[in-house]
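Step one of this worksheet: look at the structure below.
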2 protein chains.
Amino acid sequence: MHQKGLDHSLGFLLGATYRKLTNFFAGRIKEFGLTPEQWAVLFRVREEDGLIQKEIADRAGKDKPTTTRILDTLEAKGFVTKRASEHDRRSFQVFITEQGKETADAIEPIEYSTIAEIAQVMSIEEYELMNQLLRKLNDHTTSLLEHEKEQ
Amino acid sequence: MHQKGLDHSLGFLLGATYRKLTNFFAGRIKEFGLTPEQWAVLFRVREEDGLIQKEIADRAGKDKPTTTRILDTLEAKGFVTKRASEHDRRSFQVFITEQGKETADAIEPIEYSTIAEIAQVMSIEEYELMNQLLRKLNDHTTSLLEHEKEQ
DNA sequence: CCAAATTAGTTGTTACAACAACTATATCTC
DNA sequence: GAGATATAGTTGTTGTAACAACTAATTTGG
């Protein structure tokens, strides 16, 4: 891959990096029958049992349709179960299953070691700084997007 | 959006940031009938006329199927044309049309100003550093991935 | 110089993401 | 408390990405 002028855009660089990192991680967890995005959602379900889908969507940074579909997949695979909420008949609470818990427990250390492996090229200070800058960018872009939609 | 514990993973942060940035930019160029990914490909075609698809794919950081489909879309919209290569009958050369050139000329400054607007939250030094770190990460992950496939 | 390997491109499939439109329920306001 | 509004979730559509399987053409190596 030449990727001549790869740096023509920040978005390009961000996208390329994200995809490679995701693909690398995907290879590491394929054996558990989960994609990185399914893992991101399962992680949130494990974080707090009984969350409703809207809350999971918010925490996972995904929109409602995407969350619905990923949760459906996770349910079909037996990693989570849904139950109609008693307080609000519009919503469903999501619970992790035994199988889901076991799988999550197995994947979590793999995630950490994968990040460690990938971040090997830089010092801890650089890594922290990059995270901090990315978060700044993320927050700023979020507010720009929200501003836009208000109009 | 709470995004409680957003930082649980570098991949998560990278993905969320990339998507927001892309969406923001998408809103800015929608009027030209192009998505950010289509723009990324058109940019490469404009960069050098007569490239074959494989070369465009490499430069755009996309795989062959994705490039084929995006180029088909660009051709259907009248931004590029394909012509069978005379040197190699397997391949097609891609050329930008007048309409494609005009559109690219209009979008390029928008891309720059969008990046400038988004990067406003940090200093030029921070921006350069972030780019450099991302590139490091990108290169390292690329080599990890290539390593993996050799086996 | 010919069979084997490689390369350019396409097509099919699965998974996400964004957006819009929709149903059902809940909340707000007068 | 009834109508307007907002919210939770689903479904449909389009675009992109990854992977596998395929065709056709080219290159390589004995």
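Letters A, B, ... are given to chains in the order of the sequence lines, protein chains preceding strands, and every chain is numbered from 1. Model, not experiment: these values are computed from the prediction.
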Transitively linked via ILVMFWY side-chain contacts under 4.5 Å: B:Phe95 with B:Leu71? no

Please classify the nucleic acid contact of A:Ser91 as base, sugar-phosphate, or nothing, using heavy-atom distances under 4.0 Å. sugar-phosphate

Any idea which of D:dG9, D:dA18, C:dA17 is nearest the B:Asp63 side chain? D:dA18

State whether B:Thr68 places a side-chain N or O below 4.0 Å from either non-bridging phosphate oxygen (OP1 or OP2) of C:dT10. yes

Donor-acceptor pair, distance only, cut-off 3.5 Å: does the side chain of A:Lys20 make one with the backbone of B:Leu145? no

Apply the test side-chain hydrogen bond (donor to acceptor under 3.5 Å, both in side chains) to residues A:Ser85 and A:Asp88: give CA-CA distance (whole Å), side-chain angles for both, the deciding distance (0.1 Å), then the verdict. CA-CA 6 Å; A:Ser85 165; A:Asp88 185 337; over 6 Å; no

Of C:dT11, D:dA18, D:dT10, the nucleotide closest to the side chain of B:Thr66 is D:dA18

Linked, directly or transitively: B:Ile52 and B:Leu42 (ILVMFWY side chains, under 4.5 Å): no

Verify side-chain hydrogen bond (donor to acceptor under 3.5 Å, both in side chains) between B:Thr142 and B:Asp139, making sure each step is shown before the conclusion. CA-CA 5 Å; B:Thr142 302; B:Asp139 292 347; 5.1 Å; no

note: A:Phe25, atom CZ; D:dA17, atom C1'; distance rounded to Å ~ 18 Å

Between A:Gln38 and A:Thr73, does a side-chain hydrogen bond (donor to acceptor under 3.5 Å, both in side chains) hold up when you go through it step by step? CA-CA 8 Å; A:Gln38 289 161 15; A:Thr73 310; 4.8 Å; no

Could you go step by step and tell me if A:Glu111 and B:Ser9 meet the side-chain hydrogen bond (donor to acceptor under 3.5 Å, both in side chains) rule? CA-CA 8 Å; A:Glu111 171 169 5; B:Ser9 149; 3.1 Å; yes

Measuring to OP1 and OP2 of D:dT7, would you say a side-chain N or O of A:Lys54 lies under 4.0 angstrom away? no

Expressed in angstrom and rounded to an integer, what is the separation of A:Trp39 atom CH2 from C:dA15 atom C1'? 19 Å

Atom-to-atom span, CZ of B:Phe24 to P of C:dA18 - whole angstrom: 15 Å

Got B:Leu51 and B:Gln93 here, is their nearest side-chain heavy-atom distance under 4.5 Å? no

May I have the distance from A:Leu42 (atom CG) to C:dC16 (atom P), rounded to whole angstrom? 12 Å

Charged N to carboxylate O below 4.0 Å: is that the case for B:Lys136 and A:Glu126? yes

Might you confirm whether atom CD of A:Glu31 has over 12 heavy atoms from other residues, nucleotides or ligands at distances under 6.0 Å? yes

Option passing side chain to side chain contact (heavy atoms under 4.5 Å, CB included) with B:Ile56 (candidates B:Lys64, B:Arg44, B:Lys62): B:Arg44

How would you label the contact of B:Lys64 with the nucleic acid (heavy atoms, under 4.0 Å): base, sugar-phosphate, or nothing? base

Spacing of A:Asn23 atom CG relative to D:dT16 atom P, expressed in whole Å: 17 Å

Please list, by residue number, the residues of residues 69-83 of chain B whose heavy atoms come closer than 4.0 Å to an atom of DNA chain C; answer none if no residue qualifies. B:Arg69, B:Lys82

Summarise how protein sits on nucleotides 23-28 of chain C as a single string, 5' to 3': B when a protein heavy atom is under 4.0 Å from the base, S for sugar-phosphate-only contact, - for no contact. -BBS--

Using a cut-off of less than 4.0 Å, is there contact between a side-chain N or O of A:Gln53 and OP1 or OP2 of D:dT10? yes

Taking atom C1' of D:dA17 as reference, at what distance in whole Å does atom CZ of A:Arg19 sit? 7 Å

Please give me every residue in residues 27-38 of chain B whose heavy atoms get under 4.0 Å of an atom in DNA chain D, ordered by residue number. B:Thr35, B:Glu37, B:Gln38

Whether A:Arg19 engages the ring of A:Phe25 as a cation-pi pair (distance to the six-membered ring centre under 6.0 angstrom, angle to the ring normal within 45°) should be assessed. no

Without decimals, in angstroms, what is the distance between A:Lys62 NZ and D:dA8 P? 19 Å

